[in-house]
> 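Let me give you the structure first, and then I'll get to my questions.
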Amino acid sequence: MKRLQFLYFDAGGGHRAAATALKSVISEQDRRWEVTLINVQELLHSLDVFRKMTGVRLEDIYNRMLARGWTLGAAAGLKLMHGVIRAYHRPTVRMLTRHFIDTRPDLVVSLIPNFNRAIDQALEAALPAAPMVTILTDFADYPPHFWIEPRTASTPAARFVICGTDRAVEQARSMGHRSDSLTGKDADVFRVSGMILRPNFYKPVDVDRAAQRARLGLDPDRPTGLVLFGGEGSAAMLEIARHLNDTQLILICGRNRALAERLRDQQTARRAQSEKAAPRHIEGFTSEIPYFMQLADFFIGKPGPGSISEAIAMGLPVIVESNAWTLPQERYNAEWVRERGVGIVLADFRGIRDAAAEMLASLGRYRSIVAKIENRALFEIPEILDGLLSNGR
């Protein structure tokens, strides 16, 4: 029985979701692996300088920032965070080393950014032969020292990177990693077909769209947009709903109950002004995102790697925003949308009305492009990990 550790954070939710999805599919494949999920925030709790200064954990600060839209200047904030991480690098390595000595994993998978140098050094000190794999849950890296660390002559041989886009592979190559052949013994970069999605995005959703739309109070025959800004929602949804007065929408607010109430109040006011106002369905936190995406025709949201990948998997072209408020590590995602032709990128959502009109006018073309993209990363990654364990690399 091989012992694998998947390291994650709860900042943003995508890292835990990716780790949980991988563990789930590995369990279904009945491999002889014992997979343990490790929240690095909890492991390094005593070193969280942000908690010491503010009384709030770093990942909680990040999640509150997302919920309130306080993302302007995030690049400068990232430099500050990296400075703090560097200052606490040695004690971080010591704590992680003790953890690896105590638990003795056969393979370590990092699904987090920022701490991979410390994880690498700790694993080398504790278990030099154990492979370490960094899986990017972003479309691309945001160097320096975000996801991919440079490979040098002193880097242990058993250090690997899994990327979901060509851009990320190119970045790894520029930092000394080798990806000449994904099956060659000298390769340490593996290209998979996208981001990690939860297993329920691969399960067929056999629904009567017309009947289910009617059940939610929507017009069965009216084109429908799905608006989603992650688990914490966003105040931008109020602006989008206001501008798209004539567009039928499903708005998913996540844990942001105050936002859901404001959207319901907005909808009540719209109905009072006109009985012909486009129907809306307002949903709180839900794990049934594939179901709601099945009822929609296109997606509106932030350019997060998870949101875009989920929408594409469900056949939805996207409308996203990219500007100074966009998180630095998510800006390439908007470029990817343009490059692949799977949607529309706006400078800000004040242009959402025209973008929605353009989307609906060319919906068939956009959906045809989206349908050609197949993401099987969730099933490709366990095969890669199996190869690394079997080869003892």
Side-chain angles (χ1 to χ4, degrees), residues 8 11-25 66 111-113 134-142 147 161-169 171 190-205 225-232 234 252 254 286-294 296-322 326-327 329-345 366-382 384:
Y8 73 93
H15 309 290
R16 177 195 281 268
T20 303
L22 273 178
K23 181 176 180 179
S24 175
V25 77
L66 293 183
L111 295 115
I112 62 172
T134 300
I135 302 177
L136 276 69
T137 63
D138 283 316
F139 281 36
D141 196 8
Y142 183 71
W147 279 105
V161 181
I162 296 178
C163 306
T165 65
D166 291 337
R167 172 67 68 88
V169 171
Q171 291 174 315
F190 297 85
R191 168 72 156 92
V192 293
S193 55
M195 301 294 103
I196 297 171
L197 299 176
R198 295 191 298 275
N200 56 350
F201 280 93
Y202 294 96
K203 296 176 181 177
V205 182
L226 183 137
V227 185
L228 172 63
F229 281 76
E232 304 298 328
S234 169
I252 301 181
T286 177
S287 60
E288 300 300 324
I289 299 300
Y291 164 76
F292 288 104
M293 286 188 168
Q294 187 80 1
D297 296 293
F298 63 98
F299 170 90
I300 303 172
K302 72 184 186 77
S307 298
I308 292 175
S309 298
E310 290 171 359
I312 298 299
M314 298 303 296
L316 304 183
V318 304
I319 301 176
V320 297
E321 179 186 62
S322 182
T326 303
L327 292 171
Q329 67 269 28
E330 294 184 350
R331 290 174 187 169
Y332 172 69
N333 304 349
E335 291 183 38
W336 183 90
V337 169
R338 289 194 186 100
E339 290 170 359
R340 300 300 297 267
V342 295
I344 299 169
V345 179
Y366 278 117
R367 296 199 68 161
S368 176
I369 295 171
V370 167
K372 296 176 183 177
I373 298 177
E374 184 177 17
N375 175 5
R376 303 288 297 176
L378 178 64
F379 308 101
E380 295 162 352
I381 290 172
I384 295 172

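Quick note: residue numbers are just sequence positions, from 1.
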> Where is the tightest heavy-atom contact between Trp147 and Ala140, given as atom of each residue plus distance?
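Between these two residues, the closest heavy atoms are CD1-O, 4.3 Å.
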> Could you tell me the separation between the CZ atom of Arg191 and the CD1 atom of Ile162, rounded to the nearest 0.5 Å?
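Rounded to the nearest 0.5 Å, the CZ-CD1 separation comes to 12.5 Å.
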> Once you round to the nearest 0.5 Å, how far does CD1 of Ile373 lie from OG of Ser309?
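Ile373 atom CD1 to Ser309 atom OG measures 9.5 Å (nearest 0.5 Å).
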> Check the pair Leu22, Leu378 against side-chain contact (heavy atoms from CB on, under 4.5 Å), reporting the backbone distance first and the verdict last.
CA-CA 6 Å; Leu22 273 178; Leu378 178 64; 4.1 Å; yes
> Counting C-beta onward and ignoring hydrogens, is there a side-chain heavy-atom pair between Ile381 and Phe190 closer than 4.5 Å?
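In short, these two side chains do not touch, never coming nearer than 4.5 Å.
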> So do Leu197 and Asn375 actually touch side chain to side chain, heavy atoms under 4.5 Å?
yes
> Given Phe299 and Ile312, is the side-chain contact (heavy atoms from CB on, under 4.5 Å) satisfied, shown in steps?
CA-CA 9 Å; Phe299 170 90; Ile312 298 299; over 6 Å; no
> Let me have the donor-acceptor pairs involving side chains of residues 334-345, under 3.5 Å, with sequence neighbours excluded, atom names and distances please.
unit_1, atom_1, unit_2, atom_2, d
Glu339, OE1, Tyr332, OH, 3.1

> Under the side-chain hydrogen bond (donor to acceptor under 3.5 Å, both in side chains) test, which residues partner Ser193, sequence neighbours left out?
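Only Glu380 meet the side-chain hydrogen bond (donor to acceptor under 3.5 Å, both in side chains) criterion with Ser193.
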> Taking all heavy atoms of Asp141 and all of Gln171, pick out the closest pair and write down the distance.
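Distance-wise, the nearest heavy atoms are N-OE1, 2.7 Å.
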> Could you pull out the closest heavy-atom pair between Tyr8 and Ala19, with the gap in Å?
CB-CB, 4.3 Å
> Say you draw a straight line from SG of Cys163 to CE of Met195; how long is it, rounded to the nearest 0.5 Å?
8.5 Å
> For the CD atom of Glu310 and the CZ atom of Arg198, what is their distance to the nearest 0.5 Å?
5.0 Å
> Could you tell me how the ring of Tyr202 sits relative to the ring of Phe379: parallel (under 30°), tilted (30 to 60°) or perpendicular (over 60°)?
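Aromatic pair Tyr202/Phe379 classed perpendicular.
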> Indicate the atoms forming the closest heavy-atom contact of Ile252 with Thr286, along with that distance.
CG2-CG2, 4.0 Å
> To the nearest 0.5 Å, tell me how far Thr137 OG1 sits from Arg16 CZ.
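Output value for this atom pair is 14.0 Å.
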> Any side-chain heavy-atom pair from Val161 and Leu136 closer than 4.5 angstrom?
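Sidechains of Leu136 and Val161: in contact.
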> So which heavy atom on Ala377 is nearest to which on Gly194, and how close?
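What the structure gives for the nearest pair is CB-O, 3.3 Å.
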> Is there side-chain contact between Asp297 and Arg367, with at least one heavy-atom pair below 4.5 Å?
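Yes, side chains in contact.
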